[in-house]
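Values in this document were obtained by computation on a predicted structure and should not be read as measured data. First the proteins, then the strands, lettered A, B, ... as listed; each starts at 1.
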Amino acid sequence: MNSAFIWIIFPSLVAVILLFLQNRERLVAILATITAAVLALLAVWLPLQEQIILWRWVIPFSDTFLVFGRRIVLSAADRPSLIVIYLVAALWFGASPLARPNKLFVPLGLGITALLTAAIAIEPFLFAAVLIEIAVLASIPFLSPPGNKAGRGVLRYLTFQTIGMPFILISGFMFTGFEVGPGNPEFVAIATALLVIGFALMLAVFPFHTWIPMLTEESHPYSTAFILLILPVVISIFGLGFLDRFVWLKDSPSTGLLLQVVGVVMILTAGIWAAVEKNLSRIMGFAVILDVGFSLIAVGLAVGSENEFFRVLFIAGLLPRGLSLGVMALALSSLIGRVDNLHIADIRGIGKDYPFISISIILALFCLAGMPLFAGFPLKLGVVEGLTGLMPQISVWVIIGSLGLIVAGIRILTAIVAGERESENEAPEPRILKIFLAIGWLLLVLLGILPNFYIQMILNLPAAFTQIGPLS
Amino acid sequence: MIPEFLILPIVILAFLTASILLISWDWRISIFILALQYVAVVFLVSSSWPIETAAVKLVAGWMACAVMVLALRNLHSNRINGGVKPISEIVFRLILAVMAGLFAFTGGARLVLWLPEISVEQAYGSMILIALGLLHLGLTNHPFRVVLGLLTVLSGFEILYAALESSILIAGLLALVTLGLAIICAYLLTAQTLEEVS
């Protein structure tokens, strides 16, 4: 038995089987949810030993899988990431029958989850860039489903991710030449520039962010939100791997500064564009860019100040992002077919007919903007405070960016409650949808009121696995 | 290893194929040229790898071409070709290709200083393909053309990376990416029709 078999090969096989069953959408969603949930639970409960005892059998267990002379290692340190990734996947697949994305979404989504897990585990870690690219290729069929012309957003997404991979592989090779310390300054500058461009392309950092709003506008909100959540998480973990391996890069004052400035630019531009945007899906895209900007600032602060608190803020920030995106994507998906278009002009007066959907959109946006009393607030406040301590003059721009997203939320709120709807309410909100959305609201508010609860949980998570001892 | 006298013609072949891809409007010509481009890639990669390993690039590239041919032959040519280009556009693209080639020529010379593992010919070949591939991507938003551009950029990168990394795993994964791009191209072009049929 092998950890790679459990968390990579097994879900990949299930994904292939589900592809053949794709016409039975509900069954596929149930099977994928169960698979992902079981894998998340196994990441919590499976003992970190060299043997697993099942009743009378003793099964040898290893955390390393050899493939063509290279290793895929899923050690104790990777367990928190496995829990997060498979839990997100389980929640997403579980609600998919309500959102009704393309029927390829669930099988390919499970396959992508397995591929991205392999990306976290592969050694040398640089090869992760190629696995991420393969995951991107696998996502195209559900982002541009049959019957639709390939949109510019999908093509730009494919282009940027594909071009990003070579930049990272080449820069990674150059970096291994000066693992201990930087050598020739010109050489270091070139390698760093290539690395920055590579990550900027893959993480949709300004000015390579344009594909996000285009993609959210063209594709189904639910499947797009899944990609916009899971891909940046894995790419960020991959990026942190770079910083952890090349200590001189982490210690360089310009690294932290660069991440902070880029983060601020992302927040400001996303906030301004969101404030004037008319399409709800595109607003969701800008909200994701804004949240990734906050993550970059948190990483920049963690690198610049050697303070683990900001690293925790970065990891903890993924939970509110996932929740808000999930709630918003589900609400937007539910609006498809109930309104003509996902434009502000087309949602006038829907608050009366679809109160749960309407409230969900507003709450999710306010949470992503970092509004007080919501899950995103304590973490974003921590990031802004940290930035103010270092560069008070630019932290103002972060607040302006967040205000931009709040303005977008207020514009949507005004349209929802103020206008009069012309058409009749033909499809009321299903009860199960209301339950899912209400659970989402509850969590968004609870995590905002009791942030210490989950921050403490995140702090304890890595320790829970390392205390037991190494696998081999 | 390839004979010394063949190296320069192969670099020129890489430039010519990438330039023709930029101006050709017929998908049959484009795919034939792409297949020819992979021959140049294999010869340049074989400077770093044994020819039997380098042949993986050729197999993957030709399979990608075959996948695209199978998908495209059933489609109406207007959906793929987008009509004949005016002569002014062809001239414009050729001028751009020459400029990109000159850029690659100067960039290749610098590249050898930063990455001493690669030979000058490999540097020129890879930079030409990367520069012209990026140029191709900048001039189109048609799925077929975008994938041609991406495959060209990727071929240039593979020449470069073969000199730096000889792992079989990475060779296999990159071959998978090449094939994956071709499959995605076929999917994006035919998806519209698939739904119409169903």
Side-chain angles (χ1 to χ4, degrees), chain A residues 23 66-72 102 104 115 118 122-124 126-141 143-156 158-163 165-167 169-174 176-177 184 186-191 194, chain B residues 79 110-111 113-118 126 130 133-134 136-138 140-147 149-151 153-158 160-161 163-185 187-198:
Chain A
N23 286 330
L66 285 174
V67 51
F68 292 113
R70 304 292 163 155
R71 302 187 328 150
I72 293 178
N102 175 261
L104 288 168
L115 272 169
I122 197 158
E123 285 182 5
L126 271 179
F127 291 4
V130 190
L131 290 170
I132 292 170
E133 167 63 14
I134 296 171
V136 167
L137 292 176
S139 70
I140 299 292
L143 291 174
S144 180
N148 292 348
K149 197 179 166 211
R152 286 175 63 203
V154 171
L155 291 175
R156 204 171 282 191
L158 176 68
T159 306
F160 283 8
Q161 298 292 327
T162 307
I163 296 174
M165 174 195 70
F167 275 102
L169 285 175
I170 294 283
S171 65
F173 176 83
M174 291 169 90
T176 48
N184 178 359
E186 189 195 352
F187 193 71
V188 174
I190 295 290
L194 290 175
Chain B
R79 193 179 275 181
R110 287 299 285 164
L111 198 64
L113 297 176
W114 298 325
L115 298 168
E117 293 86 354
I118 61 169
S126 66
I130 291 171
L134 288 175
H136 202 156
L137 288 168
T140 184
N141 56 11
H142 190 282
F144 176 57
R145 299 278 148 201
V146 167
V147 170
L150 287 175
L151 287 172
V153 173
L154 215 57
S155 297
F157 161 72
E158 285 189 63
L160 206 63
Y161 205 58
L164 310 176
E165 177 67 64
S166 57
S167 159
I168 298 171
L169 179 63
I170 198 78
L173 288 174
L174 286 173
L176 205 62
V177 171
T178 303
L179 265 176
L181 277 170
I183 293 168
I184 288 302
C185 172
Y187 170 79
L188 289 176
L189 288 169
T190 54
Q192 214 173 341
T193 333
L194 286 175
E195 190 71 4
E196 282 162 12
V197 170
S198 69

A.B. asks: For the CD1 atom on B/Ile168, are there more than 12 heavy atoms of other groups (residues, nucleotides or ligands in this structure) within a distance under 6.0 Å?
C.D. replies: no
A.B. asks: Heavy-atom cut-off 4.5 Å, strictly under: side chain, backbone, both or neither for B/Glu158 against chain A?
C.D. replies: neither
A.B. asks: Rounded to the nearest 0.5 Å, what separation is found between the CD1 atom of B/Ile184 and the CG atom of A/Leu155?
C.D. replies: 11.0 Å
A.B. asks: Show the nearest heavy-atom pair for residues B/Tyr161 and A/Ile170, with the distance to one decimal.
C.D. replies: CD1-CD1, 4.1 Å
A.B. asks: Shorter than 4.5 Å, heavy atoms on both sides: which option in A/Pro166, A/Ala150, A/Ser144 has the most such pairs with chain B?
C.D. replies: A/Pro166
A.B. asks: Between B/Tyr187 (side chain) and A/Pro141 (backbone), is there a donor-acceptor pair under 3.5 Å?
C.D. replies: yes
A.B. asks: Evaluate the criterion side chain to side chain contact (heavy atoms under 4.5 Å, CB included) for residue pair A/Glu133 and B/Leu173; output intermediate values, then yes/no.
C.D. replies: CA-CA 10 Å; A/Glu133 167 63 14; B/Leu173 288 174; over 6 Å; no
A.B. asks: How many angstroms lie between OG1 in A/Thr159 and CG in B/Leu137, if you round to the nearest 0.5 Å?
C.D. replies: 5.5 Å
A.B. asks: Would you mind checking which part of A/Ile190 comes under 4.5 Å of any heavy atom in chain B, side chain (CB onward), backbone (N, CA, C, O), both or neither?
C.D. replies: side chain
A.B. asks: Can B/Leu181 and A/Leu158 be said to form a side chain to side chain contact (heavy atoms under 4.5 Å, CB included), step by step?
C.D. replies: CA-CA 9 Å; B/Leu181 277 170; A/Leu158 176 68; 4.0 Å; yes
A.B. asks: Where on B/Val177 is there a heavy atom nearer than 4.5 Å to chain A: the side chain, the backbone, both, or neither?
C.D. replies: both
A.B. asks: Got a second to check how far B/Leu169's CG is from A/Ile72's CD1, nearest 0.5 Å?
C.D. replies: 7.5 Å
A.B. asks: So with a 6.0 Å cut-off around CZ of A/Arg70, is the heavy-atom count from everything else above 12?
C.D. replies: yes
A.B. asks: Nearest 0.5 Å please: distance from the CD1 atom of A/Ile163 over to the CG atom of B/Leu134.
C.D. replies: 5.0 Å
A.B. asks: Quick check for you: among B/Leu160, B/Leu115, B/Leu174, B/Ile170, which has the greatest number of heavy-atom pairs under 4.5 Å with chain A?
C.D. replies: B/Ile170
